[in-house]
Every structure is written in C-alpha cells, then in structure tokens.
Protein chains: 2
Amino acid sequence: MCLTRKSRLTDIRKQVLKTVWSSHTPIGAYDILSRLNARGGKAAPMAVYRALDFLMENGLVHRIASLNAFVGCAHPGEHHAGQFLICRDCGNVAELDNADVKRALAKAVTARGFTIDSEVIEISGRCPHCREHTP
Amino acid sequence: MCLTRKSRLTDIRKQVLKTVWSSHTPIGAYDILSRLNARGGKAAPMAVYRALDFLMENGLVHRIASLNAFVGCAHPGEHHAGQFLICRDCGNVAELDNADVKRALAKAVTARGFTIDSEVIEISGRCPHCREHTP
DNA sequence: TCAGGAATGTTATGTTATAACATTTCACTC
DNA sequence: GAGTGAAATGTTATAACATAACATTCCTGA
C-alpha cells in the first residue's frame with residue numbers, strides 16, 4: 001500500500017477500501033455499511049463516511065456525485081481529477097484522464113476569469129459491451 | 001413562456017420556476033418548498049420534485065449534482081448539456097456551453113467505445129469577483 | 001509513562017429523494 | 001354540457017444519503 005506517506009490505513013479504512021473495490025459498480029455508503037456489518041459487525045454510518053473521506057483525500061476512492069456513490073480509483077497516486085464514464089445499463093464505470101478535455105476545460109474556464117479547485121465530470125451512456133448485447 | 005410546445009406550465013410549476021430564478025445561487029428542493037409554503041402554503045416535497053422534473057425536461061432548470069441543488073437555465077430552449085462553474089465563495093454559478101470542451105469530451109468518450117446520454121460537468125472554483133475581493 | 005492528537009464509537013438528527021395510491025383537473029369528443 | 005381518459009396534483013409514509021456533537025480509545029513520540 002502506497003501509504004508510506006504518513007497516513008494510517010487502519011482496519012476500518014482497509015475494510016471500506018476492500019468493499020469498494022469488491023463492487024464492480026459504484027456502491028453507496030450504506031451498502032458498504034451493510035457489507036461490513038453482514039457478518040455480525042456493528043459499525044455506524046459515521047465510520048463509513050469517515051473512512052471514505054480519508055480514502056478520497058488519499059486518492060484511493062472517487063465519489064460519483066451523480067450517483068451518490070463511490071468507486072475505487074483506477075490510478076491511485078496519480079494527479080487526480082478524472083472523467084468518469086458510467087454505463088446506464090451495466091453500471092460499470094470507466095475512468096479517463098484525458099489531456100485534451102482538461103486543456104479545453106481549463107481554457108474555457110479561465111477565459112471566464114474563474115480558477116479551478118475541483119472538477120466533476122461524469123458522463124452517462126452505454127459501454128461497448130452493452131451496446132453490442134442489448135437493443 | 002416558451003411553452004407553446006404543448007407542455008403545461010401549471011401554477012405550481014410556475015411557482016417553482018420563479019423560486020429557482022429568484023435565488024441567485026443553486027437552491028435545494030426543500031428550500032424551494034419552504035419558500036412556497038412561507039405564506040401559508042402546504043405543498044409536499046413530491047410536488048416540488050415533480051415540478052423540478054418537469055422543468056428540467058423542458059430545459060428551464062438544471063440540476064447541480066455536486067450540490068444536490070437547482071439553478072435556472074441561462075439559455076432555455078437551446079441544446080442542453082452545459083458546463084457549470086460554481087464559485088466556492090459566493091455560490092454563484094455560471095453556465096458555459098463550450099464547443100471545444102464538448103468536442104474533446106465526445107472524442108475521448110467515443111474512443112473508449114461509449115455513447116453519451118448525458119453529461120455532468122461541474123467545476124468548483126472562484127469567480128473573478130471573489131478572487132479580487134477576498135484573499 | 002504519560003500527554004496530546006488522531007481515530008473510532010455512539011447517539012441523535014438533518015437533509016435529500018422516492019414509492020404508492022387517492023383525488024382532482026383539463027382537454028377533448030360526442 | 002356530460003362523459004372519459006390522461007395528466008397533474010394531493011397525501012402519507014418511508015427510503016436513502018449525510019453530518020453534528022460529544023465520549024472513548026488508540027497510537028506515537030517526548
């Protein structure tokens with residue numbers, strides 16, 4: 001784990017991280033909670049949200065605002081502001097980090113005199129697999 | 001009102017639309033509800049959400065997913081998938097519709113074999129005015 | 001070993017959104 | 001102008017998401 005940067009990957013944080021990764025699609029905080037408690041645990045929502053905050057700060061997990069749900073980061077440790085492609089059929093999420101998009105966006109935004117703190121770019125559509133296999 | 005396209009701008013829808021527009025910043029559904037009910041009304045959340053759904057379908061209002069809130073559309077009647085610039089200080093939102101951004105995004109997305117149904121592009125940052133007037 | 005901050009536990013509550021079903025309203029036809 | 005069917009609204013309840021506030025435990029380093 002890339003957490004030699006003095007942040008502590010404690011047990012609950014690790015459990016939440018595993019749970020997020022074990023889901024193929026974005027998972028809600030309360031779904032994470034259910035899975036943690038499935039074998040007798042008794043964690044509270046706060047614990048999950050705190051772990052998620054930590055994991056997001058450390059670039060291990062992303063929040064999908066349009067779904068109120070969370071996914072594991074495909075490229076932990078890298079810059080961090082990607083674009084997410086969400087398949088409306090299978091729910092899978094692909095993470096992009098396209099330079100042209102970022103450049104065009106940065107240009108358009110600064111042309112309006114804004115500075116950028118953070119970006120939410122979430123595209124809903126259909127993935128290649130689902131387009132092929134369903135009408 | 002541009003609703004000669006056979007959709008009915010009923011009273012509650014008009015009230016919700018006015019309320020959204022009367023707010024300078026994105027406003028939550030329950031805040032809309034409070035304002036509607038401020039002078040004795042007794043509307044329920046459903047009424048507001050239904051009105052908002054209608055207004056969004058008709059391109060009069062946008063939802064800001066990262067804030068769970070709503071803003072009036074700056075260019076009703078036009079295409080519809082913009083980019084939103086949200087000032088973290090004053091809360092104001094500017095709506096963009098930048099062709100380069102859309103082009104770059106469409107290219108990146110289709111390169112992955114995805115098709116686009118809808119886009120959520122929300123940039124948080126600081127507006128020119130706030131940058132000038134606060135440290 | 002003990003002091004202080006970080007992390008977690010605990011309880012309660014706030015906020016956002018929808019389900020499900022009943023009733024009313026409206027435009028249209030006869 | 002009465003009937004009818006779809007659209008809109010009303011109503012009640014609850015689901016789903018998120019945080020506040022304060023107590024306790026745990027880890028680390030002096």
Side-chain angles (χ1 to χ4, degrees), chain A residues 1 3-20 23 25-38 40-58 60-71 86 91 120 122 124, chain B residues 1 3-20 23 25-37 40-58 60-71 86 91 118 120 122 124:
Chain A
M1 286 306 170
L3 292 182
T4 12
R5 35 136 131 183
K6 73 168 55 168
S7 40
R8 292 161 54 191
L9 187 59
T10 59
D11 183 58
I12 190 166
R13 289 169 176 172
K14 197 182 297 187
Q15 284 182 258
V16 170
L17 181 56
K18 277 186 186 171
T19 307
V20 170
S23 170
T25 58
I27 183 173
Y30 278 75
D31 288 341
I32 295 170
L33 184 62
S34 309
R35 297 197 190 181
L36 292 191
N37 288 344
K42 51 183 197 310
M46 272 310 305
V48 172
Y49 280 104
R50 286 198 277 233
L52 287 169
D53 284 345
F54 170 87
L55 295 169
M56 285 189 290
E57 276 169 16
N58 287 274
L60 297 168
V61 159
H62 291 291
R63 176 182 162 75
I64 307 294
S66 57
L67 300 176
N68 293 324
F70 303 84
V71 286
I86 306 162
V120 172
E122 298 169 6
S124 280
Chain B
M1 286 307 172
L3 292 181
T4 12
R5 36 136 129 183
K6 75 170 51 171
S7 41
R8 293 162 54 192
L9 186 60
T10 59
D11 183 56
I12 189 167
R13 291 167 176 174
K14 196 182 297 187
Q15 284 182 256
V16 170
L17 181 57
K18 277 185 186 171
T19 306
V20 169
S23 170
T25 57
I27 182 173
Y30 280 75
D31 287 341
I32 294 170
L33 184 62
S34 309
R35 296 197 191 183
L36 293 191
N37 288 343
K42 52 184 195 313
M46 272 310 304
V48 171
Y49 280 104
R50 285 198 280 234
L52 286 169
D53 284 345
F54 170 88
L55 295 170
M56 285 190 289
E57 275 168 16
N58 286 275
L60 297 168
V61 160
H62 291 291
R63 175 181 162 76
I64 306 294
S66 57
L67 300 176
N68 294 323
F70 304 84
V71 286
I86 306 161
S118 63
V120 172
E122 299 169 5
S124 281

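As a basis for the values below, the full set of heavy atoms in this structure was taken, side chains included, without hydrogen atoms, waters or symmetry mates. So that the names make sense, note that chain A is the first sequence line, chain B the second, and so on, each numbered from 1. Every value quoted in this text rests on a predicted model; they were computed, and no experiment measured them.
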Discussion item. Test of understanding: with side-chain contact (heavy atoms from CB on, under 4.5 Å), list the residues that count as partners of Ser34(B), not counting sequence neighbours.
Written reply: none

Practice prompt. Kindly write out the residues that satisfy side-chain hydrogen bond (donor to acceptor under 3.5 Å, both in side chains) with Gln15(B), not counting sequence neighbours, or none if the list is empty.
Written response: none

Worksheet item: What is the per-nucleotide protein-contact pattern of nucleotides 3-16 of chain C, from the 5' end, where B denotes a base atom under 4.0 Å from a protein heavy atom, S denotes such proximity for sugar-phosphate atoms only, and - denotes neither?
Response: ---SSBBBB----B

Worksheet entry | Protein-nucleotide distance (Ile32(A), atom CD1; dC17(D), atom C1'), rounded to Å | 12 Å

Worksheet entry | Under 3.5 Å side-chain donor-acceptor pair for Asn68(B) and Arg63(B) | yes

Worksheet item: Is there a donor-acceptor pair closer than 3.5 Å between any side-chain N or O of Glu122(B) and the backbone N or O of Val120(A)?
Response: no

Worksheet item: Atom CG of Asp53(A) to atom P of dC17(D): distance rounded to whole Å?
Response: 16 Å

Fill in: Rounded distance in Å - CD1 (Ile64(A)) to C1' (dC17(D))
16 Å

Worksheet item: Do Tyr30(B) and Tyr49(B) come within less than 4.5 Å of each other through their side chains, counting heavy atoms only?
Response: yes

